[in-house]
Every structure is written in C-alpha cells, then in structure tokens.
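Just follow the structure's listing: the first ligand is 1, and inside any ligand the first atom is 1. All values below come from the heavy atoms of this structure, side chains included, with hydrogens, waters and symmetry mates left out. In this text, all values refer to a predicted model and were calculated from it rather than measured experimentally.
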Amino acid sequence: MDRSAPPLSFLQATVMTSDRLGNSSAGHPSDAVFQKCLNPCCAATYDVIQVLTKCPNCGALLDICYDWNRLPVPRSLQELEAHWTRRWDPLRFSGVWRFYELLSFAPPEMVVTAGEGQTLLQRADTVAPYIGVDPGCCYLQYEGMNPSGSFKDNGMCAAFTHANLVGAKRAACASTGNTSASLAMYSSVTQRMRAIIFIGSGKISYGKLSQALEYGALTIQIAGDFDDAMGRVQEVAKELGIYLVNSVNPFRLEGQKTIMFRVLEALRWEIPDWIVVPGGNLGNSSSFGKAFLELKQLGLIDRMPRLAVINALGADTLFELVEHRGLKWNGGAPSLEIACHYYDELDAKGAKADTIASAIEIHRPVNLAKCLRALEACDGVVRRVSDQEILDAKAKVGAGGIGCEPASAASVAGARLLRQEGIIAPSDRVVCILTGHQLKDPTATVAYHTTDQQKFNEVLGSRGVSRASFANRSIAVPNDLDSIIRTLKLYT
Ligand code: F0G
C-alpha cells in the first residue's frame, strides 16, 4: 500500500488512480466507447470527449454506446460481486461505480464519486396489500438514501465524471429541486465546478432550495415553470458553453442504469416481473430500458422485466401520447410530430403542468423518444394517477417506514392501479422505484396529516385532494399532566 497517499473519505469526491479499480486507462481503448445518434436513419457517431446534448446532424438525442467486444465485461452478473469486498475503496463502495464495467465511458482515474448509490431494495409486506399483490411480491427501491436525497446522484456522478474528462468549469441545470441539490452538492464536493441552477419562481421546495443555497450554487429564479426553465437553460448553456447536467446529457443516464443493476443484485440477479417508475423528464425510464437492453445484448440476462411509467394526472404528456394518441418507438422512427401537435394544443390552451408531485410537474419530457424505446423493449405501459392517489400511496409507504416525496409515491399508486386493472397479477414480483426523500416536501406531508382544515384546503384541497384516509393526526392537549396521561391511556 502506498502510505504517502492521502486518506480518502467517502464524501470527498475522488479522482482515482488506475490500480484502485484493478484496471487502467492504458487498457481502456477510448474509441471502444462513443456517442451515437438515437435516430437509426442518422446513426452518426461522436467521440466521448465531445460535449453534446443532441445530434449535431439531425437534432435527435444521443446514446452512449460500447463496443463490448473490446472492453473487459463480466461473463456473468455474479462475477461483479468479486470486487465488492473492497469496501474501503470509494469506487467499489459507490453503488454506481461498483458496476464500472457496465458504464466504462471514462478511464478510472477520471471517475467522480461522493458515495452515491448506497440504496436499499426493501421487501415491503405492509405495502403489498395496498397494491394488491401477494406477500413477498412488493419491493421498494429507495433512492432517497442517496447523499443529496434523491436518485439524481446516480446520474450526477456520471455527468461529473464526463465533465471532469472534458475539463468543464461551469455546470448548469433546470430543476424542480432534486437535480439542483445534486449538482450543487457535487460541485461543492469536487470544488471543480461552478454550479448554476435555473428554477421556476415558487416552483422549488424549501428543502431543496436550502441545499442548493448552502452548497453554494448560483441560483437563478426565472418567472415560469420547469418547462420554461428547461428551455432557457438549454439556450444559455449553448450560448455560453456551460456544461449541462439535465438528463438530455447522455452520460447522466449511464449512471442511472445502475439503479436497475442494484435491483437485480438485491434479487440475487433474478429479473422481477415489473419495474414501476414515476415519469417526469423520462430519464429514469429511458436509462432502465437501456440497462436491460445492454444486459440482454451481453447475454447477462435472459428476459426483460415489464416497465410501467407513471405520470401525474396534471402532467400526463406521456400517458396522453402513448395510450391515447398511439405514439410508439416504431423501430426508431417514432412519429414525433404527434408530440409537436400535442404541445401546440397545450400552448393554445395556455395549459401548464400542475400536480402536488412537483418533481414530475413536467409537460415536455426531454427524453420522450428514448422512453418510447424503453417502453417497446420492456413491453411497457403508461398510466396516470391523481394527487389524491399519490398522497394516499405516500402515506402507506410512510407507514411502512420509508419516507418518500410525492412524485416517488406515484409509482406505488400506479402499481395499485395496474393491479386493479388486472394488468399486474397478484403473484407478479413488482419493484416500485421511490425516487426521492420525504424531507424534500414536508409541506405536503404535514398538510395530509393535519387536523387544520384550512391548512389542508390551502395546500391540498386546491389540487382536488378531498380526504386523507391514512392520516396520522396529532392530538392537541392542555399543558396539564392529568390530561396528557388520560390521552395517552386512550390511544396506547
Ligand atoms: N422523481 C423525483 C423525486 C424527481 O426529482 C424527478 C425529477 C423525477 C421523479 C422524474 O424523473 O425525469 O427521470 O422521469 N426531477 C427533476 C429535478 C425534474 O429537477 O429534480 P425523470
């Protein structure tokens, strides 16, 4: 061991030396990984060190592609486990980079980690009856356990690794909260990048805003919602050459693939029947589809799980386009004019996305085309759920000991709906992705459990939520010992 090497803490973003991964950049043919246009008619390829968010040739999204024959990939998924005894090594500790072989777009010495991805797939027998599946069939993948409190860290460490590779000095995102907290955290942890975040005014939760401010991000509030901020940040990033870390950045999605690898790992490499995920900008669903397609291509799995993407009722673009207007991947030639037409209709009506699940309050999902591919690959379905269903599901998840934010609970509400429709069978093994931590949005949680009708109406009533069937209400008692004891006897 090199005793002169400084000790590494897990919350210190780490640039690794090649021997730590038992790999080396010399053995990593850089042209074995490249960026490729998603549109099969174009299929233009670009070097990994180019900073692109769409194909310069045709404007489609980009994928990261691997020439697997030239890369050291495992022969079985179990083989990956051999590395995991190296818990002292931040890169093998990371729940993203311990799958390095399946996302090796950068040499190991460029990899950035902050200990992300230590997340749990929890068998949730208290939630199973709510969804309507058999005991042992409901699993919750809790991504709120990430360092900045959401699944975004999976993708952000990958984007920062790429940014490190290209020497970027400023990074920007539009956000409803989680992306900005993650960007701000990695910027301050690495001390290599100035973070710039664009938020719609009044459209970010205090929990998340507090993170971005404390981590030192430059915070720009624009008059508008997430869709407006997303449009602007893309223009600004292009104009000023700022590195963009929203999920149009294809490297982000490489990190998010590992959520699925961890699900499989926890199921001892068995494929569940269903993956159910909330849909906003559709980065997760896209990356999950890509993860399974690649594992299949590598012969590491023999079947695909089914994918269910769940929109909120007030932000249901994907549902509308796929389930009502017949938009499909169509072998790589989706009729995206159907989407353009729909967006024109929304604009003509002045319609804005509106849901308590702020993280998925998005009308123009940037990864639409990639998500269509994932839906086709995984025989997917799309559903939408109301804010009432989301909050009831969230209360059920919370009562089982996991605190998630409203957007996350859309997955559980969606699984319940699919079970009621008979699409999910009682014996199906269902994995719901809980994308973010409960502490993002305590206002919604407290309003659901409150005894104060005015507060309830103010926060939730205005969104069509009329009851709190699973509320755990606090009890007001006088400051008097006898009253307190009487109350406790009554309730315990
Ligand atoms: N769940 C949570 C907790 C999120 O923060 C987001 C997106 C999503 C789901 C949607 O995921 O885009 O992969 O479909 N949050 C973005 C943000 C908008 O700014 O943090 P997707």
Side-chain angles (χ1 to χ4, degrees), residues 119 141-146 148-156 159 172-185 195 197-200 203-205 207-209 211-212 217 219 225-230 233 244-249 252-253 255-257 259-260 275-291 307-312 315-319 353 355-368 370-371 374-375 382 390 394 397 403-414 432-441 444:
T119 62
Q141 174 70 16
Y142 185 39
E143 290 298 312
M145 285 168 75
N146 272 291
S148 79
S150 84
F151 77 90
K152 302 285 179 181
D153 297 344
N154 291 285
M156 201 57 72
C173 72
S175 185
T176 58
N178 285 319
T179 309
S180 59
S182 187
L183 165 58
M185 184 197 79
I197 66 169
F198 281 58
I199 56 177
K203 290 283 185 185
I204 186 168
S205 73
K208 290 288 142 177
L209 183 59
Q211 285 179 288
T219 304
D225 63 5
F226 175 82
D227 290 314
D228 298 319
M230 188 69 230
V233 77
L244 187 64
V245 298
N246 281 102
S247 54
V248 278
N249 177 330
R252 269 255 328 250
L253 302 196
Q256 286 170 218
K257 292 190 307 194
I259 301 171
M260 290 301 102
I275 301 289
V276 189
V277 62
N281 245 344
L282 307 177
N284 265 335
S285 43
S286 299
S287 70
F288 297 173
K290 186 171 189 279
L307 180 67
V309 184
I310 313 300
N311 276 164
D316 61 350
T317 296
L318 185 71
F319 176 79
T355 166
I356 190 83
S358 57
I360 52 174
E361 193 177 54
I362 296 172
H363 258 162
R364 286 171 157 72
V366 294
N367 287 299
L368 176 63
K370 277 188 183 172
C371 177
L375 287 169
V382 186
I390 286 174
K394 180 171 131 52
V397 170
C404 70
E405 67 171 277
S408 310
S411 60
V412 171
C432 296
I433 313 300
L434 300 180
T435 44
H437 201 282
Q438 191 235 35
L439 293 178
K440 172 180 176 186
D441 199 358

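Protein heavy atom closest to atom 21 (P) of ligand 1, with residue, atom name and distance, is Leu282 N, 3.4 Å. Among protein heavy atoms, the minimum distance from atom 4 (C) of ligand 1 is reached at Ala359 CB, 3.2 Å. Asn178 ND2, 2.7 Å is the protein heavy atom nearest to atom 5 (O) of ligand 1. For atom 15 (N) of ligand 1, the closest heavy atom belonging to the protein is Lys152 NZ, 3.0 Å.
A side-chain N or O of Thr119 and one of Glu143 form a donor-acceptor pair less than 3.5 Å apart. With no hydrogens or angles considered, a side-chain donor-acceptor pair links Asp153 and Ser148 at under 3.5 Å. For Ser247 and Asn367, the side-chain atoms include at least one donor-acceptor pair closer than 3.5 Å.
Closest approach of Ala315 to Ile360, counting heavy atoms only: CB-O, 3.3 Å. Nearest heavy atom pair, residue Arg252 against residue Thr179, reads NH1-CG2, 3.7 Å. Scanning both residues, Asn146 and Phe151, for their nearest heavy atoms gives ND2-CA, 3.9 Å.
Backbone and side-chain nitrogen or oxygen atoms of Ser247 are examined, and none is located within less than 3.5 angstrom of a nitrogen or oxygen of ligand 1. Note: an N/O pair closer than 3.5 Å links Thr179 and ligand 1 by distance alone. In terms of polar-atom proximity, Gly283 is counted as a contact of ligand 1, with an N or O under 3.5 Å from an N or O of the ligand. Here's the thing with Glu405: none of its N/O atoms is less than 3.5 angstrom from an N/O atom of ligand 1. An N or O contact shorter than 3.5 Å links Thr435 to ligand 1 by distance. Between Phe151 and ligand 1, no N or O atom pair is found at a separation short of 3.5 Å. Residue-to-ligand polar distances keep Ser180 apart from ligand 1: every N/O pair is separated by 3.5 Å or more. The shortest N/O to N/O separation between Ser175 and ligand 1 falls below 3.5 Å. Residue contacts with ligand 1: Asn284 is placed with a nitrogen or oxygen under 3.5 Å of a nitrogen or oxygen of the ligand (distance criterion only). Taking distance alone, with nitrogen or oxygen atoms compared against 3.5 Å, Asn281 approaches ligand 1 more closely than that limit.
Atoms of ligand 1 found under 4.0 Å from any heavy atom of Gly279, numbered from 1 in the order shown, are 14 (O).
For atom 14 (O) of ligand 1, the choice among Ser286, Ser285, Gly280 with the nearest heavy atom turns out to be Gly280.
Looking at Ile360 against ligand 1, only its side chain comes within 4.0 Å, counting heavy atoms.
A distance-only check finds a donor-acceptor pair linking the side chain of Lys394 to the backbone of Cys404 [under 3.5 Å]. Remark: side-chain polar atoms of Ser205 are not paired, donor with acceptor, to backbone N or O of Asp441 under 3.5 angstrom. A donor-acceptor distance shorter than 3.5 angstrom exists from the side chain of Asn311 to the backbone of Gly279, with no hydrogens or angles considered. No donor-acceptor distance shorter than 3.5 angstrom exists from the side chain of Asn178 to the backbone of Lys152, with no hydrogens or angles considered.
For the ligand labelled ligand 1, residue Ile362 lies inside the 4.0 Å heavy-atom shell. Using a non-hydrogen distance threshold of 4.0 Å, Ser150 does not register as a contact of ligand 1.
Checked against Phe288 for a side chain to side chain contact (heavy atoms under 4.5 Å, CB included), the options Leu253, Ile275, Val309 give a single hit: Ile275.
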message = With side-chain contact (heavy atoms from CB on, under 4.5 Å) as the criterion, how do Asn281 and Val366 come out once you've worked through the C-alpha distance, each side chain's angles and the decisive distance to 0.1 Å?
response = CA-CA 6 Å; Asn281 245 344; Val366 294; 3.5 Å; yes
